[in-house]
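In what follows, every chain begins at residue 1, and chains take the letters A, B, ... in the order their sequences are listed. Here the structure is a predicted model, which means the values were calculated and not measured.
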Amino acid sequence: MLDPKILRNDLQLVAEKLQRRNFDLDVERLSQLEDKRKILQVKTQELQNERNTKSKSIGKAKAAGEDIQPLLDQVADLGEKLKQAESELNELQDSLQDIFLGIPNLLDDSVADGKDEADNVEILRWGEPPQFDFVPKDHVDLGQNRGWLDLESAAKLTGSRFMVLNGPLARLHRALIQFMLDLHTNEHDYQEVYVPYMVNADSLRGTGQLPKFAEDLFALKGEHEYYLIPTAEVPVTNIVRDEIIEDDRLPLKYTAHTPCFRSEAGSYGKDTRGLIRQHQFEKVEMVQLVRPDESYQALEALTQHAETVLQRLGLAYRKVALCAGDVGFSSAKTYDLEVWLPAQQTYREISSCSNFESFQTRRMQARWRNPETGKPELLHSINGSGLAVGRTLVAIMENFQDGDGNIHIPPALQTYMGGKTVL
RNA sequence: GGAGAGGUGGGUGAGUGGCUGAAACCAGUUCCCUGCUAAGGAACCGUAGGCGCGAGUCUACCGAGGGUUCGAAUCCCUCCCUCUCCGCCA
């Protein structure tokens, strides 16, 4: 959510900035509602004031043993008027809130203009895409040839966009998770957390998935209104919801491995082959909660932490800064890391690292106590994948295959594979 | 699932219809005293919002939402959560 003060005072400016994302803000309607709100709020508060004062004087009169009936008569119709004013005001504030919750974050000035992913800005490339003296297979062929990947069973068990892994591939998948968690906790100073895989609606509102993106989520049936998490970002960031963090605890750096569940509504026909786009996938996530003036520095560092995973594995990748049209709803600035996939002869997203500034923390009232002012102020939140495990598995299979259908295990993972060097 | 207890400001914890936005203590900030890494004293010290150039002033908030009342932290209802005991269980 944007700062309501900016929305009140600089509505026109906000609208202009949002144009960069192709978001049309209904300035007219918003300022009309806002004007109405002001009038109604003043009126309501005046009525409340009147009620409070009169009630107090009734209390005093009663204590003094006076007849309070005349005073009671005075406030006879006040209650009705007040009740109506209050409910009108509530209604108005609810609709303002609905509008506010639907407005995306303002972009950082460094974000380039652009319409879609074609306009993203490449920052760097790392590593050389491998050269093969044979036609490289894709991960589906590689996996199915050895019986490691069983999509038929997954379809039987559940449906499309799920996977069953067997034997060594299942182990490699697990090894990747351990490797990533160890790297971030041992070398990057993150605290590992284990969190629920189901969350309530408040948490999803906090990080921005609700109310606007409900169709991307799996909602549970039953007595609880719970949702499967689409990313660890949701439970981990919401740890600080409604909290005031003392300065000496900052920055908070969390890492967590969780499954992620996405309905992938609206992506029909996209990436239907293989493991690139699944309803359920594993991810190791990094989340930081930092002082506002440190958040862009933290974004660079966090992105670097994700890059380190790729570098240690020896996977070629490129880093791109998303353009205005491609940055997500809640983010002010986003870097994507894209790993080289030989079968597709292209770079594919494997990590997304964003600075949300105070967009999420305002929704969840996550604050810190600024020692300079002594006052609670909003934190900034940063997160990024480090990395998406399923896609990393795909990248390893495809990049480290040989002509005989073997997968060579990167040295960094070998200790996690019991010393094995080849799958 | 059954029985009971409870949810109050950054923390601990009083408060059972008006004088309580909330005692006291701890933490914090400022000042005083003290010639020294101690101790003592005083003042300030919740969050959000409205109006006002401003000093200021008004409103809301005591788990959440309803209700009763001129008036609710306090009474009633529903829900959520925590703790204790019993049952069940990976």
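- Both Q93(A) and I244(A) lie near RNA chain B, and the one whose nearest nucleotide falls closer to the 5' end is I244(A).
- There is a side-chain donor-acceptor pair under 3.5 Å between H257(A) and E282(A).
- Annotation: side chain of V199(A) is not in contact with side chain of N238(A) (no heavy-atom distance under 4.5 Å).
- Taking the six-membered ring where the residue is Trp, H188(A) and H305(A) present parallel rings, their angle staying beneath 30° rather than reaching 60°.
- G9(B) and A5(B): their P atoms are spaced 23 Å apart (whole Å).
- Under the salt bridge (Lys or Arg N to Asp or Glu O under 4.0 Å) criterion, E46(A) pairs with no residue, sequence neighbours left out.
- N105(A) places none of its side-chain heavy atoms less than 4.5 Å from the side chain of S330(A).
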Dot-bracket for RNA chain B, 5' to 3', Watson-Crick and G-U pairs with both distances under 3.5 Å, [ ] for crossing pairs, | for partner on another strand, reads ((((((((.[[[..)..(.....]]].(((((.......))))).((((((....)))))).[[[[[..)....]]]]])))))))....
Protein-to-nucleotide contact annotation, 5' to 3' order, nucleotides 51-68 of chain B [B base; S sugar-phosphate only; - none; under 4.0 Å, heavy atom]: S------BSS-------S
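- For L92(A) and G50(B), the CG to P distance is 14 Å, given to the nearest whole Å.
- Rounded to an integer number of Å, the gap from CZ of R369(A) to P of A27(B) is 16 Å.
- Residue contacts shown for P376(A) are limited to sugar-phosphate atoms, with no base heavy atom under 4.0 Å away.
- For the pair E285(A) and T231(A), the minimum side-chain heavy-atom distance is below 4.5 Å.
- In this structure, the side chains of I407(A) and L169(A) stay at 4.5 Å or more apart for every pair of heavy atoms.
- Using a 4.5 Å cut-off on side-chain heavy atoms (C-beta onward), V327(A) and K333(A) make no contact.
- Side chains of Q344(A) and E398(A): no donor on one and acceptor on the other come within 3.5 Å.
- Using a 4.5 Å heavy-atom cutoff, the side chains of L322(A) and E117(A) are not in contact.
- Look at CD on E243(A): it is 12 Å from P on G9(B), rounded to the nearest Å.
- Straight-line distance from the CZ atom of R249(A) to the P atom of G10(B): 15 Å, rounded to whole Å.
- Look at R367(A) and you'll find a side-chain N or O under 4.0 angstrom from OP1 or OP2 of A48(B).
- Between the C1' atoms of U74(B) and C62(B), the separation comes to 10 Å (whole Å).
- Residue E246(A) is the one, among E246(A) and K54(A), whose nearest nucleotide of RNA chain B lies closer to the 5' end (criterion: closest heavy atom).
- Between the C1' atoms of G17(B) and C70(B), the separation comes to 12 Å (whole Å).
- Distance L78(A) CG to C70(B) C1': 9 Å, rounded to the nearest Å.
- Comparing the same atom, C1', in G66(B) and in G11(B) gives a spacing of 32 Å after rounding to whole Å.
- Across U47(B) and U8(B), the matching C1' atoms stand 14 Å from one another, rounded to whole Å.
- Comparing A42(B) with C85(B), their C1' atoms sit 50 Å apart, to the nearest whole Å.
- Atom pair E377(A):CD and G10(B):P shows a separation of 16 Å (rounding to whole Å applied).
- Of the residues in residues 27-35 of chain A, none lies under 4.0 Å from RNA chain B by heavy-atom distance.
- Taking the centre of each ring, F359(A) and F329(A) come in below the 6.0 Å mark.
- Contact check of residues 55-68 of chain A against RNA chain B (heavy atom, cut-off under 4.0 Å) returns S55(A), I58(A), G59(A), K62(A).
- Comparing the P positions of U82(B) and A24(B) gives a spacing of 33 Å, expressed to the nearest Å.
- For the pair L289(A)/I239(A), no side-chain contact is recorded, criterion being any heavy-atom separation below 4.5 Å from C-beta on.
- With hydrogens and angles ignored, the 3.5 Å screen pairs a side-chain donor or acceptor of T361(A) with a backbone N or O of L379(A).
- We find that CE of M1(A) is positioned 13 Å from C1' of G49(B), with the value rounded to whole Å.
- For residues 166-182 of chain A, no pair satisfies salt bridge (charged side-chain N to carboxylate O under 4.0 Å, His left out), with sequence neighbours left out.
- As rounded to whole Å, 17 Å separates atom P of G10(B) from atom CG of D247(A).
- Side-chain atoms of Q19(A) and D24(A) form a donor-acceptor pair, as typed in the model, at a separation below 3.5 Å.
- Taking atom C1' in both G41(B) and A22(B), one finds a spacing of 26 Å when rounded to whole Å.
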